[in-house]
Structure formats: structure tokens, C-alpha cells
Enquirer: 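Sharing a structure, written as C-alpha cells. Questions coming.
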Amino acid sequence: MWSPSDTPDWLRTGLDHLWFPYTQMKTMTPPLPAVETRGSEIVLADGRRLVDGVASWWTAAHGYNHPHILEAMTEQMARLPHVMFGGLMNEPAARLAGRLAAKLPGDLNRCFFAESGSVSVEVAMKMAVQYRLNRGEQRSKILCFEGGYHGDTIATMAVCDPEEGMHSRFAGLLPRHVVAPLPVDGERRGHVAALVEAHGHELAAILIEPLVQGAGGMRFHDAELLRFLRELADAHGLMLIFDEIFVGFGRTGALFACEKAGVVPDIVTLSKALTGGVAPLSACVATERVFEGFWSDDPEHALMHGPTYMAHALGCAAANASLDLFETEDRLAQAAAIEAQLAAELAPARDLPGVRDVRTLGAIGVVELDTPPDTERLRARFIDRGVWVRPFGSIVYLTPALTIAADDLSRLTGAIIAELCAG
């Protein structure tokens with residue numbers, strides 16, 4: 001493991017001025033100084049190379065430093081890296097909006113671009129609520145689900161299972177929404193239907209991560225659950241919002257999880273792999289019906305939201321280049337190959353003591369343990385084996401780049417099996 005005495009001067013100086021995510025700064029292990037990325041590898045300052053098993057929080061779908069994306073960004077940087085979107089427009093944003101609309105199912109064709117996934121979810125919630133306000137209705141609550149995760153801002157924390165989840169300490173700060181158990185069986189579906197019946201007069205939308213709840217524990221559910229929510233939303237006049245920030249862009253084996261499930265939401269949020277992991281950008285994409293709820297001669301019916309870096313031209317150029325790669329290089333076939341390899345190589349973990357479940361979907365592989373391990377210690381042992389894997393809670397998971405080589409993926413799965421065997 002990296003020791004403080006080996007820390008480069010730039011990191012040693014910066015540590016006195018930085019605040020790291022999800023980290024107790026007083027007791028943390030010093031972060032590893034990364035100096036270069038290549039394909040599925042992270043290169044450290046001392047020359048060690050780590051095979052990245054999480055694609056930088058699920059963003060680097062094409063691996064690191066793909067030349068097509070870098071070339072597109074370089075060309076855009078020379079012409080127009082950014083221009084405000086209030087009263088002005090840029091070509092990459094226009095092209096990206098049209099391309100996303102063409103690739104998404106149904107009439108999801110109105111794109112609102114922002115900088116982060118959390119903001120895109122806030123915009124989706126705001127759209128759903130203001131759609132009702134524009135009709136003279138006071139519906140300001142969202143139906144969300146236990147185990148869900150939608151971001152770290154105040155509005156998104158409020159729809160992240162605030163009583164039990166990672167943001168539970170902030171429960172007193174947050175607006176109160178309607179939190180339901182994930183309706184994975186008939187009994188729970190009945191409970192959710194009853195909640196909607198009781199609260200329908202104040203609900204604007206249903207919000208869910210389709211097929212996989214990511215940061216809440218990598219919990220999988222099937223398309224039938226999403227069809228149930230579509231029917232429930234339609235029966236009560238609610239909008240259905242799919243948060244595809246994690247699962248979008250090939251992660252589940254289809255370009256979008258809603259496409260794989262055969263269910264079209266009213267609003268979908270996208271981020272993370274949208275740019276291939278090279279620039280911050282998000283999209284909140286609504287159907288024409290939602291957009292028409294804001295189309296008015298009344299200026300107060302406009303969607304009053306506008307991030308400073310909205311439709312960032314450089315980020316949109318990266319996203320267009322990323323879509324080029326999905327069109328010209330068969331990422332979905334690669335995701336299918338990853339799924340098969342993960343299923344085969346993680347299967348031995350099922351027979352290990354302390355393992356509760358092993359599951360795979362697309363380019364997601366999960367080993368769930370009976371009890372949470374010492375994650376810092378386990379992370380350090382993975383680094384010693386030359387892999388970058390970040391367990392959380394009772395979950396050890398892999399979400400590699402869709403371009404990862406089979407032998408690199410075997411290094412990742414092998415390290416997990418070896419460490420679980422070692423205890």
C-alpha cells in the first residue's frame with residue numbers, strides 16, 4: 001500500500017486543502033496518486049498499474065483515453081469550448097439532443113442538459129411538479145423506493161430512502177416524499193398500489209432506477225416490475241421517471257435499460273457514461289407530452305432552471321463522439337461477452353463461506369456478502385493484487401469498461417475470488 005513518505009509533493013501539498021468524497025479525512029488512508037490512464041488501466045506515480053474494475057464510478061464505458069473522443073474534444077476546444085445557453089446555442093448540443101432523441105424509445109425527445117446526474121434528477125422532479133402547477137394542481141410529492149440512490153444534493157437525498165439509506169442523518173433537513181418497498185412480488189406490489197391510492201392526490205411522479213438499484217446495493221429487479229409501475233402511473237395520472245445515470249449506455253446489455261425492459265418512461269435522466277467518462281454532463285429527456293405542459297403564452301409556465309454550464313459544448317462534443325463509438329464499435333456485444341465471463345468466473349464465489357449471493361447483468365458483476373467486510377483493508381489487498389476494486393457495504397462488485405480485455409477481466413474476477421477465499 002502507498003505510504004505517506006512516498007507521496008509526491010503535489011499530493012502532499014494538496015492534502016491540506018482538499019476534501020474527499022464519502023471519507024473521514026482524519027482517519028483515511030492517503031489516496032493513491034494517479035498520473036496516467038490507458039485503456040482499462042490506472043497508472044500510479046510509482047509506476048504501478050491497476051486494472052480498473054469500476055470504470056471510474058461507471059463512467060469510462062470505452063476505456064480511458066479513447067482517441068476518437070479525445071480528437072473530438074481537441075477540435076471543439078479550438079473552436080468553442082463553451083458558450084452560455086441562455087439565448088445562444090452551439091452545434092454539439094443541437095446534434096447531441098437530436099441523436100439522443102433518435103436512440104431513446106417512444107417520444108422521449110426533449111433534452112435538458114446540465115453538468116451532473118444529481119442536477120438532472122432534480123430537473124426531472126421539477127418538471128413533474130411544475131407540469132402539475134401549470135395545470136393548477138398542487139402535487140409536489142414523489143413516490144420513490146427503499147434502497148434507491150439518485151444523488152447527494154438536498155432534493156435528491158430526499159428521494160434516496162432518507163430514513164435508512166446513506167443520507168439518513170439528514171432526514172430532518174429533507175422534504176418528505178412517499179418511500180415504498182421495491183415491488184418485487186405480489187404482496188409488495190399491493191402495498192405500493194395502496195400507497196399510490198392513498199397519496200395519489202399529492203403525487204406528481206414515480207421515480208426509480210430501472211433494472212438495477214446501483215449505489216443502494218446493486219439490487220436487481222425485472223422488467224415486470226417496471227411494467228407494473230408504468231400501469232400504476234397511467235392509472236393515477238402520474239409521470240414515470242427512470243434514473244438511468246448508472247444503467248444507461250450499455251451497462252445492462254442494452255443501450256438503455258428502458259429499452260431492454262420494453263417500458264417507456266415520461267422522463268429519463270442520463271449522465272456518467274454519457275461522455276465516455278471524460279467530461280461532466282447530464283441530460284434530462286422528456287416526452288413531447290411533458291414538454292407541451294410548459295408550452296404557453298404565460299412566462300411563468302416556463303421551466304425556470306438554467307445551470308451556468310448547461311449544454312457545455314466541449315462535453316457535448318465528447319458525448320457525440322461517445323455515441324459514434326456505440327454506433328461503430330459493437331459495445332453491446334462486448335457487454336454480452338463481459339456478462340458471460342463474469343457469470344462464469346464469479347460463480348465459484350457461491351460456494352464460499354460468508355457469500356449470500358452472486359449475480360450478473362450486462363457488464364455488472366456482484367458478490368454480496370452476509371456481513372460487511374473491512375472495506376479499507378479489502379481495498380488495500382486488491383491494490384496489492386494490481387486491481388482497483390471498491391467494495392461498499394456488503395457488496396464487492398465489478399462494472400468495468402465495456403472495452404476491457406478478457407485477461408484483464410480475469411485478473412479482476414480472480415482477485416475477488418482469491419481475497420474471498422483468503423477471508
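Just so it is clear, the values below take in all heavy atoms, side chains as well, and ignore hydrogens, waters and symmetry mates.
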Enquirer: Look at R49 together with E41 and state whether they make a salt bridge at an N to O cut-off of under 4.0 Å.
Expert: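 Judged by the 4.0 Å cut-off on N to carboxylate O distance, R49 and E41 do form a salt bridge.
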Enquirer: Of all heavy-atom pairs between I338 and P400, which one has the smallest distance, and what is that distance?
Expert: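 Taking I338 first and P400 second, the nearest heavy atoms are CG2-CG, 4.3 Å.
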Enquirer: Any chance you could lay out the side-chain contact (heavy atoms from CB on, under 4.5 Å) test for F170 and I154, step after step, and finish with the verdict?
Expert: CA-CA 9 Å; F170 296 96; I154 290 175; over 6 Å; no
Enquirer: Do the rings of W58 and F246 sit parallel, tilted or perpendicular, given the 30° and 60° boundaries?
Expert: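 Ring orientation, 0 to 90° scale: tilted.
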Enquirer: Within the structure provided, determine whether I206 and I142 are in side-chain contact (heavy-atom separation under 4.5 Å).
Expert: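 No, too far: nothing below the 4.5 Å cut-off.
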Enquirer: Taking atom CZ of R350 as the centre, does the number of heavy atoms from other residues, nucleotides or ligands within less than 6.0 Å exceed 12?
Expert: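 Counting neighbours around CZ of R350, more than 12 heavy atoms of other residues, nucleotides or ligands fall under 6.0 Å, so yes.
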Enquirer: Does the T275 side chain pair with the main chain of A279, one donor and one acceptor, at a distance under 3.5 Å?
Expert: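 Answer holds: yes.
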Enquirer: Report yes if some heavy atom in the side chain of T269 is under 4.5 Å from a heavy atom in the side chain of F112; otherwise report no.
Expert: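 No. Closest side-chain heavy atoms not under 4.5 Å.
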Enquirer: Counting only heavy atoms from other residues, nucleotides and ligands, does the tally under 6.0 Å from CE of M77 exceed 12?
Expert: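 No, not enclosed.
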Enquirer: Would you please say whether a donor-acceptor pair under 3.5 Å links the side chains of S410 and Q341?
Expert: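 Looking only at side-chain atoms, Q341 and S410 do form a donor-acceptor pair, the distance falling under 3.5 Å.
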Enquirer: Between D357 and R219, does any NZ, NE, NH1 or NH2 come within less than 4.0 Å of an OD or OE carboxylate oxygen?
Expert: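 No, this pair does not count.
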Enquirer: Less than 4.5 Å apart, side chain to side chain, heavy atoms only: is that true for V264 and L104?
Expert: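 They are not in side-chain contact.
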Enquirer: When you compare the side chains of H62 and S322, does any donor N or O come within less than 3.5 Å of an acceptor on the partner?
Expert: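 Side-chain D/A pair, H62 to S322: present.
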Enquirer: Do any N or O atoms from the side chain of D52 and from the backbone of S56 form a donor-acceptor pair under 3.5 angstrom?
Expert: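 Yes.
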Enquirer: Under 30°, 30 to 60°, or over 60°: which ring-plane class applies to F291 and W295, parallel, tilted or perpendicular?
Expert: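 Answer is tilted, since the angle falls between 30° and 60°.
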Enquirer: For the residue pair Y149 and D243, confirm or rule out a side-chain donor-acceptor distance under 3.5 Å.
Expert: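 No pair is found: no donor N or O on one side chain lies under 3.5 Å from an acceptor on the other.
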Enquirer: More than 12 non-hydrogen atoms from neighbouring residues, nucleotides or ligands closer than 6.0 Å to CG on L173, yes or no?
Expert: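 For L173, atom CG is crowded (more than 12 foreign heavy atoms under 6.0 Å).
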Enquirer: Do the side-chain N and O atoms of T156 and T153 include a donor-acceptor pair separated by under 3.5 angstrom?
Expert: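 On atom types as modelled, these side chains qualify, holding a pair under 3.5 Å.
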Enquirer: Atom CE of residue position M25 - does it have more than 12 heavy atoms of other residues, nucleotides or ligands inside 6.0 Å?
Expert: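 Yes - once you tally the heavy atoms of other residues, nucleotides and ligands closer than 6.0 Å, there are more than 12.
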Enquirer: Within the structure provided, determine whether L378 and E419 are in side-chain contact (heavy-atom separation under 4.5 Å).
Expert: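 Contact flag for L378/E419 side chains = yes.
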Enquirer: Check the angle between the aromatic planes of F326 and F249 and answer parallel, tilted or perpendicular using the 30° and 60° thresholds.
Expert: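 Correct class here is tilted.
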Enquirer: Test your reading of the model: is there a side-chain donor-acceptor pair from E329 to the backbone of R331, 3.5 Å cut-off?
Expert: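 Pair absent, no side-chain N/O of E329 close to backbone of R331.
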Enquirer: Would L325 and T403 count as a side-chain contact (heavy atoms from CB on, under 4.5 Å) here? Give the steps.
Expert: CA-CA 11 Å; L325 296 174; T403 55; over 6 Å; no
Enquirer: Show your working on salt bridge (Lys or Arg N to Asp or Glu O under 4.0 Å) between E368 and R359 and close with a plain yes or no.
Expert: CA-CA 8 Å; E368 183 176 358; R359 51 189 180 268; 2.8 Å; yes
Enquirer: Without swapping roles, check the side chain of E244 against the backbone of A257 for a donor-acceptor pair under 3.5 Å.
Expert: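 Yes; at least one donor-acceptor contact below 3.5 Å.
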Enquirer: Thinking salt bridges, do E327 and R99 make one under a 4.0 Å N-O criterion?
Expert: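 Yes, charged N to carboxylate O under 4.0 Å.
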Enquirer: Tell me the closest heavy-atom pair linking D266 and V290, and the distance in Å.
Expert: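 That closest heavy-atom pairing would be O-CG2, 3.8 Å.
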Enquirer: Are more than 12 heavy atoms from other residues, nucleotides or ligands located less than 6.0 Å from atom CD of E300?
Expert: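 Count not over threshold, so no.
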Enquirer: Is it true that a side-chain atom of E146 and a backbone atom of V179 form a donor plus acceptor pair closer than 3.5 Å?
Expert: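 Not confirmed, E146 side chain does not pair with V179 backbone.
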Enquirer: Okay, side chain of E345, backbone of L412: is any donor-acceptor separation there less than 3.5 Å?
Expert: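 Absent.
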Enquirer: Between R176 and E202, does at least one N-O distance fall below 4.0 Å, as a salt bridge requires?
Expert: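 Salt bridge: no.
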Enquirer: Report yes if the distance between the aromatic ring centroids of H82 and Y309 is under 6.0 Å, otherwise no.
Expert: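 Centroid distance H82-Y309: below 6.0 Å, so yes.
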Enquirer: Keeping the roles fixed (side chain from D9, backbone from R12), state whether a donor-acceptor pair exists under 3.5 Å.
Expert: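 Between the backbone of R12 and the side chain of D9 there is no qualifying donor-acceptor contact (under 3.5 Å).
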Enquirer: H305 versus K126: any side-chain heavy-atom pair under 4.5 Å?
Expert: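 Of all side-chain heavy-atom pairs linking K126 with H305, at least one is under 4.5 Å.
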Enquirer: Are any of the side-chain nitrogens in R379 or E376 under 4.0 Å away from the carboxylate oxygens of its partner?
Expert: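 The answer is yes: the pair qualifies as a salt bridge.
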Enquirer: Using a 3.5 Å distance criterion without hydrogens, assess whether the side chain of T59 forms a donor-acceptor pair with backbone atoms of A55.
Expert: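 A pair under 3.5 Å: yes.
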Enquirer: For F242 together with F256, are the ring centres under 6.0 Å from each other?
Expert: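 No: the rings miss the under 6.0 Å criterion.
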Enquirer: I'd like to know if the side chain of S116 reaches the main chain of V119, judged simply by a donor and an acceptor atom lying under 3.5 Å from each other, with no hydrogens or angles considered.
Expert: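 At least one qualifying donor-acceptor pair exists.
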Enquirer: Does R411 reach the main-chain N or O of V51 with its side chain, forming a donor-acceptor pair under 3.5 Å?
Expert: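 Here the side-chain-to-backbone pair does not exist.
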